[in-house]
Q: 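Take a look at this one; I'll ask things after.
Basis for what follows: all heavy atoms, side chains included, without hydrogens, waters or symmetry-related copies. Quick note: residue numbers are just sequence positions, from 1.
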Amino acid sequence: MSEVATAGLPATWVRSEGSPPASDLTVEALGFAPHLSFFPALLARRGVTTLEEARAFLDPVIGDLHDPFLLDGMDAAVDRLLRARDGGERVVIVGDYDVDGVSATAILVAVFGACGIQSEPILPHRVHDGYGFQKVQVERAAELGAGVIVTADCGSTSIEAASEALARGIDVVVTDHHLPDRPHDRRVIEINPHQESSGYPFRHLSGSGLAFKLASALASRAGRPVAPELLLRVSCLGTIADMVPLEGENRVIARVGLEALASTKAPGLTSLMDVAGVRLPLDASDVGFRLGPRINAAGRMDSAHVALDLLLERDFTRAAEIAAQLDAWNAERRQAELKVVEEAQTWVEDLPELPAILVAASTEWHRGVVGIAAGRIARRYHRPTILLAEEGGLATGSGRSVEGIHLHGFLADWRDRLDRFGGHAQAI
(Lines give C-alpha, C1' and ligand atoms only; values in the text may rest on other atoms or scores of the structure.)
Protein backbone atom coordinates (compact mmCIF):
# COMPACT_ATOMS: atom_id res chain seq x y z
CA MET A 1 0.00 0.00 0.00
CA SER A 2 1.47 3.34 -0.92
CA GLU A 3 0.33 6.92 -0.56
CA VAL A 4 -0.25 8.79 -3.78
CA ALA A 5 -0.66 12.43 -4.70
CA THR A 6 -1.37 12.05 -8.38
CA ALA A 7 -4.37 12.42 -10.67
CA GLY A 8 -5.81 15.05 -8.38
CA LEU A 9 -5.96 12.73 -5.36
CA PRO A 10 -5.11 14.25 -1.95
CA ALA A 11 -1.95 12.93 -0.29
CA THR A 12 -4.05 11.21 2.37
CA TRP A 13 -5.63 8.82 -0.14
CA VAL A 14 -4.19 5.30 -0.30
CA ARG A 15 -4.10 3.36 -3.55
CA SER A 16 -5.40 -0.21 -3.16
CA GLU A 17 -3.16 -2.96 -4.41
CA GLY A 18 -4.21 -5.06 -7.38
CA SER A 19 -6.65 -4.35 -10.16
CA PRO A 20 -10.26 -3.47 -9.34
CA PRO A 21 -13.01 -5.89 -10.41
CA ALA A 22 -14.27 -5.64 -13.97
CA SER A 23 -16.80 -2.83 -14.36
CA ASP A 24 -19.10 -1.38 -17.02
CA LEU A 25 -18.87 2.08 -15.44
CA THR A 26 -17.18 5.13 -16.93
CA VAL A 27 -17.09 8.74 -15.75
CA GLU A 28 -19.07 9.69 -18.85
CA ALA A 29 -21.82 7.16 -18.08
CA LEU A 30 -21.93 8.34 -14.47
CA GLY A 31 -22.09 11.98 -15.56
CA PHE A 32 -18.99 12.91 -13.53
CA ALA A 33 -16.27 15.41 -14.38
CA PRO A 34 -13.07 14.02 -16.02
CA HIS A 35 -10.94 14.66 -12.91
CA LEU A 36 -13.03 11.98 -11.14
CA SER A 37 -11.73 9.30 -13.48
CA PHE A 38 -10.75 7.16 -10.47
CA PHE A 39 -14.38 6.93 -9.29
CA PRO A 40 -15.53 3.89 -11.36
CA ALA A 41 -12.65 1.85 -9.90
CA LEU A 42 -13.51 3.11 -6.43
CA LEU A 43 -17.10 1.94 -6.87
CA ALA A 44 -15.98 -1.38 -8.33
CA ARG A 45 -13.95 -2.12 -5.20
CA ARG A 46 -17.20 -1.69 -3.28
CA GLY A 47 -18.99 -4.20 -5.50
CA VAL A 48 -20.69 -1.54 -7.64
CA THR A 49 -20.06 -2.34 -11.31
CA THR A 50 -23.25 -1.41 -13.22
CA LEU A 51 -25.18 1.83 -13.72
CA GLU A 52 -28.18 0.54 -11.76
CA GLU A 53 -25.93 -0.52 -8.86
CA ALA A 54 -24.25 2.90 -8.98
CA ARG A 55 -27.63 4.64 -8.87
CA ALA A 56 -28.72 2.56 -5.87
CA PHE A 57 -25.39 3.19 -4.10
CA LEU A 58 -25.18 6.93 -4.75
CA ASP A 59 -28.88 7.80 -4.65
CA PRO A 60 -30.78 5.15 -2.60
CA VAL A 61 -34.57 5.56 -2.46
CA ILE A 62 -37.44 3.85 -0.65
CA GLY A 63 -38.29 1.92 -3.80
CA ASP A 64 -35.01 -0.01 -3.38
CA LEU A 65 -36.34 -1.73 -0.23
CA HIS A 66 -37.41 -5.37 -0.51
CA ASP A 67 -40.86 -6.71 0.35
CA PRO A 68 -40.80 -7.53 4.09
CA PHE A 69 -42.86 -10.66 3.47
CA LEU A 70 -39.82 -12.17 1.73
CA LEU A 71 -38.33 -12.67 5.20
CA ASP A 72 -38.84 -16.15 6.65
CA GLY A 73 -41.37 -16.04 9.45
CA MET A 74 -42.90 -12.68 8.52
CA ASP A 75 -46.28 -14.06 7.41
CA ALA A 76 -46.58 -16.16 10.54
CA ALA A 77 -45.51 -13.27 12.79
CA VAL A 78 -48.05 -10.85 11.32
CA ASP A 79 -50.83 -13.44 11.50
CA ARG A 80 -50.05 -14.12 15.19
CA LEU A 81 -49.99 -10.42 16.05
CA LEU A 82 -53.32 -9.81 14.32
CA ARG A 83 -54.83 -12.69 16.30
CA ALA A 84 -53.49 -11.04 19.45
CA ARG A 85 -55.18 -7.79 18.42
CA ASP A 86 -58.49 -9.49 17.65
CA GLY A 87 -58.38 -11.48 20.88
CA GLY A 88 -57.39 -8.55 23.08
CA GLU A 89 -54.13 -10.25 24.10
CA ARG A 90 -51.24 -8.29 25.55
CA VAL A 91 -47.94 -8.42 23.65
CA VAL A 92 -44.66 -7.93 25.50
CA ILE A 93 -41.74 -6.52 23.49
CA VAL A 94 -38.34 -7.56 24.84
CA GLY A 95 -35.60 -5.35 23.39
CA ASP A 96 -31.92 -4.70 23.99
CA TYR A 97 -30.32 -1.84 25.91
CA ASP A 98 -28.24 -0.35 23.08
CA VAL A 99 -29.25 2.15 20.38
CA ASP A 100 -30.31 -0.57 17.97
CA GLY A 101 -32.45 -2.38 20.54
CA VAL A 102 -34.02 0.81 21.90
CA SER A 103 -34.79 2.07 18.38
CA ALA A 104 -36.27 -1.29 17.37
CA THR A 105 -38.43 -1.39 20.51
CA ALA A 106 -39.67 2.18 19.96
CA ILE A 107 -40.73 1.35 16.40
CA LEU A 108 -42.66 -1.74 17.49
CA VAL A 109 -44.36 -0.01 20.45
CA ALA A 110 -45.53 2.85 18.21
CA VAL A 111 -46.81 0.69 15.35
CA PHE A 112 -48.38 -1.97 17.57
CA GLY A 113 -50.33 0.81 19.27
CA ALA A 114 -51.40 2.31 15.93
CA CYS A 115 -52.66 -1.12 14.89
CA GLY A 116 -54.71 -1.59 18.07
CA ILE A 117 -52.37 -4.07 19.77
CA GLN A 118 -51.82 -3.74 23.53
CA SER A 119 -48.07 -3.86 24.11
CA GLU A 120 -45.64 -3.47 26.99
CA PRO A 121 -41.88 -2.95 26.42
CA ILE A 122 -39.29 -4.64 28.62
CA LEU A 123 -35.63 -3.69 28.23
CA PRO A 124 -33.01 -5.59 30.26
CA HIS A 125 -30.85 -3.75 32.76
CA ARG A 126 -27.22 -4.17 31.74
CA VAL A 127 -25.95 -4.71 35.31
CA HIS A 128 -28.87 -6.49 36.93
CA ASP A 129 -30.08 -8.61 34.00
CA GLY A 130 -27.27 -8.76 31.47
CA TYR A 131 -27.72 -9.01 27.71
CA GLY A 132 -30.58 -10.50 25.80
CA PHE A 133 -33.90 -12.27 26.18
CA GLN A 134 -33.89 -14.30 29.40
CA LYS A 135 -36.20 -16.22 31.70
CA VAL A 136 -36.60 -13.17 33.96
CA GLN A 137 -38.37 -11.36 31.11
CA VAL A 138 -40.60 -14.40 30.59
CA GLU A 139 -41.60 -14.18 34.24
CA ARG A 140 -42.43 -10.49 33.87
CA ALA A 141 -44.42 -11.18 30.71
CA ALA A 142 -46.40 -13.89 32.52
CA GLU A 143 -47.13 -11.47 35.36
CA LEU A 144 -48.48 -9.01 32.80
CA GLY A 145 -50.73 -11.68 31.33
CA ALA A 146 -49.02 -11.64 27.93
CA GLY A 147 -50.07 -14.01 25.20
CA VAL A 148 -47.11 -13.20 22.92
CA ILE A 149 -43.51 -12.10 23.40
CA VAL A 150 -41.81 -10.31 20.50
CA THR A 151 -38.06 -9.80 20.77
CA ALA A 152 -36.30 -6.83 19.21
CA ASP A 153 -32.58 -7.06 18.43
CA CYS A 154 -32.15 -10.16 20.59
CA GLY A 155 -33.36 -13.73 21.04
CA SER A 156 -31.47 -15.76 18.45
CA THR A 157 -29.44 -17.54 21.13
CA SER A 158 -32.12 -17.43 23.88
CA ILE A 159 -33.19 -21.05 23.54
CA GLU A 160 -33.96 -21.57 27.24
CA ALA A 161 -35.99 -18.35 27.58
CA ALA A 162 -38.07 -19.14 24.50
CA SER A 163 -38.71 -22.67 25.75
CA GLU A 164 -39.76 -21.31 29.14
CA ALA A 165 -42.23 -18.95 27.44
CA LEU A 166 -43.74 -21.76 25.41
CA ALA A 167 -44.07 -23.90 28.54
CA ARG A 168 -46.06 -21.05 30.14
CA GLY A 169 -48.36 -20.84 27.12
CA ILE A 170 -46.80 -17.66 25.73
CA ASP A 171 -46.02 -17.63 22.01
CA VAL A 172 -42.65 -16.21 20.91
CA VAL A 173 -41.70 -14.15 17.86
CA VAL A 174 -37.94 -13.56 17.58
CA THR A 175 -36.74 -10.64 15.47
CA ASP A 176 -32.95 -10.49 15.57
CA HIS A 177 -29.91 -10.03 13.35
CA HIS A 178 -27.35 -11.68 15.61
CA LEU A 179 -25.90 -15.01 14.54
CA PRO A 180 -28.09 -17.98 15.50
CA ASP A 181 -26.67 -20.50 17.97
CA ARG A 182 -28.84 -23.61 17.99
CA PRO A 183 -32.24 -24.11 16.35
CA HIS A 184 -35.23 -22.81 18.30
CA ASP A 185 -38.26 -24.96 19.03
CA ARG A 186 -40.24 -25.17 15.79
CA ARG A 187 -43.11 -23.33 17.50
CA VAL A 188 -40.96 -20.19 17.81
CA ILE A 189 -41.52 -17.78 14.92
CA GLU A 190 -38.10 -16.49 13.94
CA ILE A 191 -37.30 -13.53 11.68
CA ASN A 192 -33.56 -13.44 11.13
CA PRO A 193 -31.90 -13.08 7.71
CA HIS A 194 -28.94 -15.13 9.03
CA GLN A 195 -31.04 -18.28 9.33
CA GLU A 196 -29.70 -21.03 7.09
CA SER A 197 -33.09 -21.35 5.41
CA SER A 198 -33.34 -17.62 4.65
CA GLY A 199 -33.55 -16.63 1.02
CA TYR A 200 -33.96 -12.94 1.76
CA PRO A 201 -31.97 -10.81 -0.73
CA PHE A 202 -30.12 -8.83 1.97
CA ARG A 203 -28.60 -10.41 5.09
CA HIS A 204 -27.18 -7.42 6.96
CA LEU A 205 -30.21 -5.61 8.41
CA SER A 206 -29.84 -4.30 11.95
CA GLY A 207 -32.31 -5.03 14.73
CA SER A 208 -34.06 -1.73 14.08
CA GLY A 209 -34.07 -2.55 10.36
CA LEU A 210 -35.91 -5.80 11.09
CA ALA A 211 -38.31 -3.95 13.42
CA PHE A 212 -39.03 -1.56 10.55
CA LYS A 213 -39.76 -4.56 8.31
CA LEU A 214 -42.12 -6.17 10.84
CA ALA A 215 -43.83 -2.85 11.58
CA SER A 216 -44.34 -2.12 7.87
CA ALA A 217 -45.71 -5.59 7.16
CA LEU A 218 -48.07 -5.50 10.15
CA ALA A 219 -49.34 -2.00 9.42
CA SER A 220 -50.08 -2.80 5.78
CA ARG A 221 -51.97 -5.98 6.58
CA ALA A 222 -53.84 -4.32 9.46
CA GLY A 223 -55.04 -1.61 7.09
CA ARG A 224 -53.06 1.07 8.96
CA PRO A 225 -50.14 1.82 6.62
CA VAL A 226 -47.48 4.14 8.05
CA ALA A 227 -45.35 6.54 6.02
CA PRO A 228 -41.94 4.81 5.84
CA GLU A 229 -40.09 8.04 6.65
CA LEU A 230 -41.71 8.19 10.10
CA LEU A 231 -40.20 4.81 10.97
CA LEU A 232 -36.91 5.25 9.14
CA ARG A 233 -36.00 8.39 11.11
CA VAL A 234 -35.78 6.08 14.14
CA SER A 235 -34.50 2.97 12.34
CA CYS A 236 -31.56 4.94 10.94
CA LEU A 237 -30.34 5.55 14.51
CA GLY A 238 -29.91 1.85 15.22
CA THR A 239 -28.70 1.02 11.72
CA ILE A 240 -25.90 3.58 11.79
CA ALA A 241 -24.95 3.22 15.46
CA ASP A 242 -24.79 -0.60 15.27
CA MET A 243 -22.22 -0.29 12.47
CA VAL A 244 -23.85 -2.76 10.11
CA PRO A 245 -22.56 -2.37 6.53
CA LEU A 246 -24.07 0.76 4.96
CA GLU A 247 -24.90 -0.99 1.72
CA GLY A 248 -28.05 -2.40 0.18
CA GLU A 249 -31.16 -1.79 2.29
CA ASN A 250 -29.09 -0.31 5.12
CA ARG A 251 -28.00 2.43 2.77
CA VAL A 252 -31.63 3.26 2.03
CA ILE A 253 -32.52 3.26 5.73
CA ALA A 254 -29.59 5.54 6.54
CA ARG A 255 -30.12 7.97 3.65
CA VAL A 256 -33.91 8.33 3.88
CA GLY A 257 -33.86 8.16 7.66
CA LEU A 258 -31.32 10.98 8.01
CA GLU A 259 -33.36 13.17 5.67
CA ALA A 260 -36.52 12.49 7.71
CA LEU A 261 -34.66 13.05 10.97
CA ALA A 262 -33.47 16.45 9.79
CA SER A 263 -37.06 17.66 9.40
CA THR A 264 -38.65 15.87 12.36
CA LYS A 265 -40.97 17.66 14.79
CA ALA A 266 -41.00 14.75 17.28
CA PRO A 267 -40.27 16.15 20.77
CA GLY A 268 -37.83 13.40 21.76
CA LEU A 269 -35.75 13.51 18.61
CA THR A 270 -35.61 17.31 18.44
CA SER A 271 -34.64 17.52 22.13
CA LEU A 272 -31.92 14.93 21.62
CA MET A 273 -30.49 16.84 18.66
CA ASP A 274 -30.56 20.06 20.69
CA VAL A 275 -28.50 18.71 23.63
CA ALA A 276 -26.12 16.97 21.22
CA GLY A 277 -25.45 20.23 19.39
CA VAL A 278 -26.38 18.72 16.04
CA ARG A 279 -26.60 21.10 13.11
CA LEU A 280 -28.19 20.55 9.71
CA PRO A 281 -27.63 18.90 7.33
CA LEU A 282 -27.32 15.63 9.23
CA ASP A 283 -24.89 12.89 8.25
CA ALA A 284 -24.01 9.46 9.62
CA SER A 285 -21.30 10.87 11.90
CA ASP A 286 -23.95 12.87 13.78
CA VAL A 287 -25.67 9.61 14.71
CA GLY A 288 -22.44 7.71 15.35
CA PHE A 289 -20.75 10.34 17.52
CA ARG A 290 -23.49 12.60 18.90
CA LEU A 291 -26.96 11.06 18.99
CA GLY A 292 -26.08 7.37 19.34
CA PRO A 293 -23.76 7.73 22.35
CA ARG A 294 -26.40 9.69 24.28
CA ILE A 295 -29.06 7.03 23.66
CA ASN A 296 -26.53 4.34 24.57
CA ALA A 297 -25.58 6.18 27.76
CA ALA A 298 -28.93 5.32 29.37
CA GLY A 299 -28.33 1.58 29.11
CA ARG A 300 -24.65 1.88 30.00
CA MET A 301 -25.02 4.04 33.11
CA ASP A 302 -28.58 3.32 34.31
CA SER A 303 -31.73 2.07 32.53
CA ALA A 304 -32.33 1.95 28.78
CA HIS A 305 -36.02 2.58 29.47
CA VAL A 306 -35.14 6.26 29.89
CA ALA A 307 -33.88 6.41 26.28
CA LEU A 308 -36.99 4.54 25.11
CA ASP A 309 -39.16 7.05 26.96
CA LEU A 310 -37.39 9.85 25.10
CA LEU A 311 -38.10 8.36 21.66
CA LEU A 312 -41.77 7.87 22.54
CA GLU A 313 -42.30 11.13 24.47
CA ARG A 314 -44.85 13.60 23.03
CA ASP A 315 -44.44 16.44 25.51
CA PHE A 316 -41.65 18.90 24.67
CA THR A 317 -40.95 19.91 28.27
CA ARG A 318 -40.60 16.32 29.47
CA ALA A 319 -38.56 15.41 26.38
CA ALA A 320 -36.09 18.20 27.11
CA GLU A 321 -35.68 16.93 30.70
CA ILE A 322 -34.99 13.38 29.54
CA ALA A 323 -32.54 14.57 26.87
CA ALA A 324 -30.64 16.57 29.52
CA GLN A 325 -30.39 13.43 31.68
CA LEU A 326 -29.01 11.42 28.76
CA ASP A 327 -26.47 14.16 28.11
CA ALA A 328 -25.30 14.04 31.73
CA TRP A 329 -25.03 10.25 31.64
CA ASN A 330 -23.02 10.49 28.45
CA ALA A 331 -20.48 12.73 30.20
CA GLU A 332 -20.20 10.14 33.01
CA ARG A 333 -19.83 7.40 30.42
CA ARG A 334 -16.89 9.18 28.78
CA GLN A 335 -15.02 9.35 32.10
CA ALA A 336 -15.67 5.68 32.88
CA GLU A 337 -14.60 4.68 29.37
CA LEU A 338 -11.39 6.73 29.61
CA LYS A 339 -10.44 4.89 32.80
CA VAL A 340 -10.85 1.47 31.14
CA VAL A 341 -8.98 2.50 27.98
CA GLU A 342 -6.05 4.00 29.90
CA GLU A 343 -5.70 1.01 32.24
CA ALA A 344 -6.05 -1.56 29.45
CA GLN A 345 -3.53 0.33 27.33
CA THR A 346 -1.03 0.39 30.20
CA TRP A 347 -1.48 -3.37 30.60
CA VAL A 348 -0.85 -3.96 26.89
CA GLU A 349 2.24 -1.75 26.86
CA ASP A 350 3.70 -3.72 29.78
CA LEU A 351 3.39 -7.06 27.97
CA PRO A 352 6.71 -8.52 26.80
CA GLU A 353 5.19 -9.07 23.35
CA LEU A 354 1.85 -8.44 21.70
CA PRO A 355 -0.29 -11.64 21.73
CA ALA A 356 -2.64 -12.64 18.93
CA ILE A 357 -5.71 -11.78 21.01
CA LEU A 358 -5.98 -9.36 23.92
CA VAL A 359 -8.06 -10.39 26.96
CA ALA A 360 -8.11 -8.34 30.15
CA ALA A 361 -10.38 -8.06 33.19
CA SER A 362 -10.70 -5.86 36.26
CA THR A 363 -12.93 -5.48 39.30
CA GLU A 364 -12.55 -1.69 38.89
CA TRP A 365 -14.10 -1.39 35.43
CA HIS A 366 -17.69 -0.35 34.67
CA ARG A 367 -19.49 -3.10 32.83
CA GLY A 368 -21.37 -0.59 30.70
CA VAL A 369 -18.32 0.77 28.91
CA VAL A 370 -15.98 -2.20 28.37
CA GLY A 371 -17.37 -2.80 24.87
CA ILE A 372 -16.54 0.63 23.48
CA ALA A 373 -13.19 0.51 25.29
CA ALA A 374 -12.47 -2.87 23.67
CA GLY A 375 -13.16 -1.30 20.28
CA ARG A 376 -10.61 1.43 20.94
CA ILE A 377 -7.94 -1.04 22.05
CA ALA A 378 -8.63 -3.33 19.08
CA ARG A 379 -8.21 -0.45 16.65
CA ARG A 380 -5.05 0.83 18.33
CA TYR A 381 -3.22 -2.51 18.40
CA HIS A 382 -5.00 -4.27 15.52
CA ARG A 383 -5.80 -7.26 17.68
CA PRO A 384 -9.15 -8.82 18.64
CA THR A 385 -9.82 -7.52 22.14
CA ILE A 386 -12.06 -8.77 24.95
CA LEU A 387 -12.44 -6.65 28.08
CA LEU A 388 -14.36 -7.89 31.11
CA ALA A 389 -15.67 -6.36 34.31
CA GLU A 390 -15.45 -8.75 37.27
CA GLU A 391 -18.07 -8.74 40.00
CA GLY A 392 -19.17 -11.45 42.41
CA GLY A 393 -17.05 -14.13 40.77
CA LEU A 394 -18.47 -13.54 37.29
CA ALA A 395 -16.65 -11.69 34.51
CA THR A 396 -18.98 -9.94 32.06
CA GLY A 397 -17.87 -7.93 29.08
CA SER A 398 -17.60 -7.47 25.35
CA GLY A 399 -15.19 -8.15 22.54
CA ARG A 400 -14.35 -6.35 19.32
CA SER A 401 -12.48 -7.90 16.43
CA VAL A 402 -10.48 -6.74 13.44
CA GLU A 403 -11.03 -7.37 9.75
CA GLY A 404 -10.63 -10.99 8.75
CA ILE A 405 -11.07 -12.54 12.21
CA HIS A 406 -14.49 -14.00 13.08
CA LEU A 407 -14.61 -13.46 16.84
CA HIS A 408 -18.04 -15.03 17.31
CA GLY A 409 -16.94 -18.17 15.48
CA PHE A 410 -13.75 -18.33 17.54
CA LEU A 411 -15.65 -18.19 20.84
CA ALA A 412 -18.25 -20.73 19.73
CA ASP A 413 -15.72 -23.49 20.50
CA TRP A 414 -15.54 -22.16 24.08
CA ARG A 415 -19.32 -22.22 24.58
CA ASP A 416 -19.21 -24.79 27.40
CA ARG A 417 -16.95 -22.48 29.44
CA LEU A 418 -19.23 -19.46 29.07
CA ASP A 419 -22.40 -18.65 30.98
CA ARG A 420 -23.83 -16.75 27.98
CA PHE A 421 -22.52 -15.22 24.80
CA GLY A 422 -23.70 -13.95 21.44
CA GLY A 423 -23.08 -11.31 18.81
CA HIS A 424 -21.59 -10.90 15.35
CA ALA A 425 -18.39 -11.78 13.54
CA GLN A 426 -16.84 -8.49 14.65
CA ALA A 427 -18.51 -7.88 18.02
CA ILE A 428 -19.43 -10.25 20.86
Q: Can any side-chain N or O of S208 pair as donor or acceptor with the backbone N or O of S235 at less than 3.5 Å?
A: yes
Q: Donor-acceptor check, side chain of T175 to backbone of T151, threshold 3.5 angstrom: yes or no?
A: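 Yes; judged by distance alone, with no hydrogens or angles, the pair exists.
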Q: Would you say the side chain of L354 lies within less than 4.5 Å of the side chain of H382, judging by non-hydrogen atoms?
A: no
Q: Can you find a pair of side-chain heavy atoms, one from F133 and one from I149, that are under 4.5 Å apart?
A: yes
Q: Going through the checks in order, is the salt bridge (Lys or Arg N to Asp or Glu O under 4.0 Å) test met by D75 and R221?
A: CA-CA 10 Å; D75 270 304; R221 187 160 300 174; 2.9 Å; yes
Q: Give the intermediate values and the outcome of side-chain contact (heavy atoms from CB on, under 4.5 Å) for residues W329 and V306.
A: CA-CA 11 Å; W329 277 336; V306 179; 3.8 Å; yes
Q: Short question: side chain of R46, backbone of L42 - any donor-acceptor pair under 3.5 Å?
A: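 Yes, because the side chain of R46 sits within donor-acceptor range (under 3.5 Å) of the backbone of L42.
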Q: Looking at every heavy atom in both D416 and D413, which two are closest together, and how far apart are they?
A: OD1-O, 4.3 Å
Q: Any heavy-atom pair between the side chains of V78 and F69 that's under 4.5 Å?
A: yes
Q: Which distance, rounded to the nearest 0.5 Å, do you find between the OG1 of T270 and the CZ of F316?
A: 4.5 Å
Q: Within the distance-only criterion (no hydrogens, no angle test), does the side chain of R140 pair as donor or acceptor with the backbone N or O of I122 below 3.5 angstrom?
A: no
Q: Apply the test salt bridge (Lys or Arg N to Asp or Glu O under 4.0 Å) to residues E321 and R318: give CA-CA distance (whole Å), side-chain angles for both, the deciding distance (0.1 Å), then the verdict.
A: CA-CA 5 Å; E321 293 171 353; R318 179 58 185 147; 3.2 Å; yes
Q: Is the shortest heavy-atom distance from the side chain of I191 to the side chain of D176 under 4.5 Å?
A: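 When only atoms from C-beta onward are counted, D176 and I191 do not touch, as no gap falls below 4.5 Å.
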Q: Could you tell me which non-hydrogen atom of I62 sits nearest to which non-hydrogen atom of P228, and how far apart they are?
A: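 Smallest heavy-atom distance, with atoms named: CD1-CB, 3.9 Å.
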Q: Below 4.5 Å, heavy atoms only, C-beta onward: do R300 and I372 meet side chain to side chain?
A: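 Side chain of R300 against side chain of I372, heavy atoms only: contact under 4.5 Å found.
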Q: Should E89 and R80 be marked as a salt bridge (Lys or Arg N to Asp or Glu O under 4.0 Å) after you check the CA-CA gap, both sets of side-chain angles, and the distance that decides it?
A: CA-CA 11 Å; E89 295 178 88; R80 182 62 187 92; 3.0 Å; yes
Q: For F32, look at atom CZ and say whether over 12 heavy atoms of other residues, nucleotides or ligands are found less than 6.0 Å away.
A: yes
Q: Please verify the inter-ring angle class for H177 with H424; under 30° counts as parallel, over 60° as perpendicular, anything in between as tilted.
A: tilted
Q: Decide side-chain contact (heavy atoms from CB on, under 4.5 Å) for I377 and Q345; before the verdict, give the C-alpha distance in whole Å, the side-chain angles of both, and the deciding distance to 0.1 Å.
A: CA-CA 7 Å; I377 297 298; Q345 190 169 305; 4.3 Å; yes
Q: Could you tell me whether a side-chain N or O of R383 sits under 3.5 Å from a main-chain N or O of P355, the two making a donor and an acceptor?
A: yes
Q: Does any N or O in the side chain of E190 come within less than 3.5 Å of the main-chain N or O of G73, such that one atom is a donor and the other an acceptor?
A: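 No; judged by distance alone, with no hydrogens or angles, the pair does not exist.
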Q: Are the side chains of R290 and M273 in contact, using a 4.5 Å heavy-atom criterion?
A: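 The answer is no, as the side chains (C-beta and beyond) never meet within the 4.5 Å cut-off.
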Q: Going from CG on L30 to CG on L51, what distance comes out if it is rounded to the nearest 0.5 angstrom?
A: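 Reported to 0.5 Å precision, the distance equals 6.0 Å.
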Q: Kindly assign one of parallel, tilted or perpendicular to the pair F202 and H204, based on the angle between their ring planes and the thresholds 30° and 60°.
A: perpendicular
Q: Check whether more than 12 heavy atoms from other residues, nucleotides or ligands sit under 6.0 Å from atom CZ of R415, and answer yes or no.
A: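 Yes.
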Q: Within a strict 4.5 Å, meaning less than it, do heavy atoms of the V92 and Q137 side chains meet?
A: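 They are not in contact (no side-chain heavy atoms under 4.5 Å apart), so the answer is no.
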Q: Within the distance-only criterion (no hydrogens, no angle test), does the side chain of D96 pair as donor or acceptor with the backbone N or O of G101 below 3.5 angstrom?
A: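 It does not hold such a pair.
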Q: Does V99 offer a backbone N or O that forms a donor-acceptor pair with the side chain of N296 under 3.5 Å?
A: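 Yes, because the side chain of N296 sits within donor-acceptor range (under 3.5 Å) of the backbone of V99.
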Q: Please name the pair of heavy atoms, one in F39 and one in L58, separated by the smallest distance, quoted to 0.1 Å.
A: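 Taking F39 first and L58 second, the nearest heavy atoms are CE2-CD2, 4.2 Å.
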Q: Closest heavy-atom contact between A219 and V226?
A: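 That would be CB-CG2, 4.0 Å.
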Q: Between V174 and N192, is the side-chain contact (heavy atoms from CB on, under 4.5 Å) condition met? List the steps.
A: CA-CA 8 Å; V174 170; N192 186 333; 5.9 Å; no
Q: Test M243 against Q426 for side-chain contact (heavy atoms from CB on, under 4.5 Å), laying out the working first.
A: CA-CA 10 Å; M243 296 189 293; Q426 295 293 300; over 6 Å; no
Q: Ignoring hydrogens and angles, tell me if any N or O in the side chain of E249 forms a donor-acceptor pair with the backbone of H66 under 3.5 Å.
A: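 Yes, because the side chain of E249 sits within donor-acceptor range (under 3.5 Å) of the backbone of H66.
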Q: Measuring from atom CG of L214 to atom CD1 of I107, what distance do you get when rounded to the nearest 0.5 angstrom?
A: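 Between L214 CG and I107 CD1, I get 10.0 Å after rounding to 0.5 Å.
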Q: Using ring-ring contact (aromatic ring centres under 6.0 Å, His included), reason through H178 and H194 one step at a time and then give a plain yes or no.
A: CA-CA 8 Å; H178 295 94; H194 290 290; 9.1 Å; no
Q: Please report the interatomic distance CD(E164) to OG(S158), rounded to the nearest 0.5 Å.
A: 13.0 Å
Q: State whether the number of non-hydrogen atoms from other residues, nucleotides or ligands found under 6.0 Å of R203 atom CZ is greater than 12.
A: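 Count over threshold, so yes.
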Q: Could you list the donor-acceptor pairs under 3.5 angstrom formed between side-chain atoms of residues 254-264 and any protein atom two or more places apart in sequence or on another chain?
A:
| residue | atom | partner | partner atom | Å |
| --- | --- | --- | --- | --- |
| R255 | NE | E259 | OE2 | 2.8 |
| R255 | NH1 | D59 | OD1 | 3.3 |
| R255 | NH2 | D59 | OD1 | 3.0 |
| S263 | OG | A260 | O | 3.3 |
| T264 | OG1 | R233 | NH1 | 3.2 |
| T264 | OG1 | A266 | N | 3.0 |

Q: Do R380 and V341 touch side chain to side chain, with heavy atoms closer than 4.5 Å?
A: no
Q: List the atom of T105, the atom of A152, and the distance in Å for their closest heavy-atom pair.
A: OG1-CB, 3.9 Å
Q: For D302, is there any backbone N or O sitting under 3.5 Å from a side-chain donor or acceptor partner on H125?
A: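 Checking the backbone N and O of D302 against the side chain of H125, a donor-acceptor pair under 3.5 Å is found.
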Q: Between L407 and P384, which heavy-atom pair has the shortest distance, and what is it?
A: CD1-CB, 4.3 Å
Q: Any chance CD of E52 has more than 12 other-residue heavy atoms, nucleotides or ligands included, within less than 6.0 Å?
A: yes
Q: When rounded to the nearest 0.5 angstrom, what distance separates CZ in F410 from CD1 in I357?
A: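 So the CZ of F410 and the CD1 of I357 are separated by 4.5 Å.
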Q: I need the H366 NE2 to R126 CZ distance, nearest 0.5 Å.
A: 8.5 Å
